Every structure is written in structure tokens, then in C-alpha cells.
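Note sheet for the following structure.
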Amino acid sequence: MVARQSGFSADEKRFLASLIRQVWRACQGFVAVVVERGPSEAVYVLDNLVDWSGAQTARLRAASGRSKVIGPDARHVAVELLRDVRAFCSGIGDHLGNVHQTLDPDEIEDEALMMIEGFLSWTTLMASQLGISRNLRPQTLWHER
């Protein structure tokens, strides 16, 4: 899913960057809920991200061929990115459900925070490979215990 840096228009880069920013907002929301209420409650943040991702995918497919802002290549990349977001969210949720039976609450929280950091790193890598890093400010997750 690597695109040529010159392959997207400025509008397409802004659109793709907006998708990444929304994922980053959800990651920060996930961290806040993990720290405040625990990982089992934070899974709902990921569920909301999955719903958002599905809605965005449907919107992109419905506008296929009619959008003058987003070309077919950028649309394809966006749909694939959103599909991967859903896969990440499902995987994190499944993993947290599985470790809930074997780890103590502090270890589960650490596991959840490590996974979301990995998710953030993946989105940062995708932004770099898509040539949209200049449209984004680096994102770090903060939390206190």
C-alpha cells in the first residue's frame, strides 16, 4: 500500500491525513479510558472507531466515480487503510479479551497501552509511506497512573 509521494494531490493528502488524525484521536481516547476506567471499558472506544471506519468506507464507495476531490488511487488507499484499522481494532479487542483471564489488572493495562502504542506507530509509518507526514504533526500518547 505504498504510493508515490507525488502521486496524490494536495486535497487527497489532506483527506488521507484526516483519516490518520481520526485514528490518533481514538488512540488517545482509548488511553484515557484505559487509565481512568480500565481496558475492558476502553474496548468500546475501539468499537466506535470500527463503526466510524465502516461508515467512511461506505461513504467512499458510494462516492466512487463522482468525487472530484478524491481520485480512484487515493480512494483505494483510504479504503485499504480503513480496512486495516478495523482489523487492528478487532485484534486488540480480541487479545485483551484473551489476556483478561490470565493477567492481573495492571498487566492487562500495560498490555493495552503497548498495543495502542504499536497501533499509533503503524499509522505513523503508513503516513510516512503515503507521503502525507508533512500534513500531520507527530502524535504521542500521554497517560499517568
Side-chain angles (χ1 to χ4, degrees), residues 1-64 67-100 103 105-145:
M1 181 166 88
V2 178
R4 295 180 319 272
Q5 286 190 355
S6 62
F8 296 126
S9 71
D11 287 336
E12 290 171 334
K13 286 181 180 183
R14 277 191 293 275
F15 175 75
L16 293 169
S18 73
L19 297 179
I20 299 284
R21 275 193 295 281
Q22 185 63 31
V23 171
W24 287 353
R25 281 189 212 88
C27 287
Q28 184 60 62
F30 178 86
V31 168
V33 174
V34 164
V35 172
E36 291 174 12
R37 293 185 248 154
S40 60
E41 292 292 320
V43 172
Y44 297 112
V45 174
L46 297 179
D47 290 342
N48 290 338
L49 185 58
V50 166
D51 293 344
W52 170 83
S53 176
Q56 293 301 309
T57 300
R59 197 177 112 225
L60 284 167
R61 289 194 172 134
S64 180
S67 176
K68 293 181 177 145
V69 175
I70 307 298
D73 290 340
R75 182 177 300 104
H76 175 73
V77 167
V79 167
E80 289 298 315
L81 181 66
L82 292 166
R83 183 183 56 81
D84 290 346
V85 165
R86 288 191 300 277
F88 256 96
C89 291
S90 296
I92 291 170
D94 290 346
H95 183 71
L96 287 176
N98 291 336
V99 299
H100 185 71
L103 300 177
D106 286 339
E107 290 174 319
I108 295 170
E109 184 176 310
D110 289 341
E111 188 80 14
L113 294 173
M114 272 190 339
M115 287 187 294
I116 212 69
E117 283 284 343
F119 191 20
L120 182 71
S121 296
W122 173 81
T123 58
T124 302
L125 176 64
M126 289 298 101
S128 175
Q129 288 181 346
L130 292 170
I132 59 175
S133 295
R134 283 183 279 182
N135 298 63
L136 299 166
R137 277 179 273 152
Q139 180 73 26
T140 54
L141 301 173
W142 59 268
H143 59 87
E144 292 181 20
R145 284 194 167 184

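Computed from a prediction, not measured in an experiment: that's the story for all the values here.
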What distance separates Arg75 CZ from Glu80 CD, expressed to the nearest 0.5 Å?
13.5 Å
Would you tabulate the side-chain donor-acceptor contacts of residues 50-61 under 3.5 Å, counting partners in other chains and residues two or more places apart, or write 'none'?
from	atom 1	to	atom 2	distance (Å)
Ser53	OG	Leu82	O	2.8
Ser53	OG	Arg86	NH1	2.9
Gln56	OE1	Arg59	NH1	2.6
Thr57	OG1	Ser53	O	2.9
Thr57	OG1	Arg86	NH1	3.1

Would you say that Phe8 contacts Val77 through its side chain, given a criterion of any heavy-atom pair below 4.5 Å between the two side chains?
yes
If we only count heavy atoms from C-beta on, is the Cys89 to Phe119 side-chain gap below 4.5 Å?
yes
Can you tell if the side chain of Asn48 reaches within under 4.5 Å of the side chain of Val45, non-hydrogen atoms only?
no
Spatial distance of atom CG (Leu96) from atom CG (Leu46) [nearest 0.5 Å]
8.0 Å
To the nearest 0.5 Å, what is the distance between CZ on Phe15 and CD1 on Ile20?
11.0 Å
Would you call the rings of Phe88 and Trp122 parallel, tilted or perpendicular, taking 30° and 60° as the class edges?
tilted
Give the intermediate values and the outcome of side-chain contact (heavy atoms from CB on, under 4.5 Å) for residues Asp11 and Arg14.
CA-CA 5 Å; Asp11 287 336; Arg14 277 191 293 275; 2.3 Å; yes
Looking only at atom types and distance, does a side-chain atom of Glu12 sit under 3.5 Å from a main-chain N or O of Gly71, one as donor and one as acceptor?
yes
Are Val31 and Ile116 close enough that some pair of their side-chain heavy atoms sits under 4.5 Å apart?
yes
Heavy-atom closest contact (Pro39 atom, Ile108 atom, distance):
CG-CG2, 3.5 Å
Among residues at least two apart in sequence or on other chains, which ones pass side-chain hydrogen bond (donor to acceptor under 3.5 Å, both in side chains) with Glu41?
none
Contact check, side chains of Gln28 and Arg25, non-hydrogen atoms, under 4.5 Å:
no
Supply the atom-to-atom distance Phe30 CZ to Ile92 CD1, rounded to the nearest 0.5 angstrom.
6.0 Å
Side chains of Leu103 and Asp110 in contact at under 4.5 Å (non-hydrogen atoms)
no
Out of curiosity, Ile132 CD1 to Ser18 OG, how far, rounded to the nearest 0.5 Å?
8.5 Å
Which value, rounded to the nearest 0.5 Å, describes the distance between Leu19 atom CG and Leu130 atom CG?
10.0 Å
Please answer whether the main-chain N or O of Ala87 pairs with a side-chain N or O of Ser90 as donor and acceptor at a distance below 3.5 Å.
no
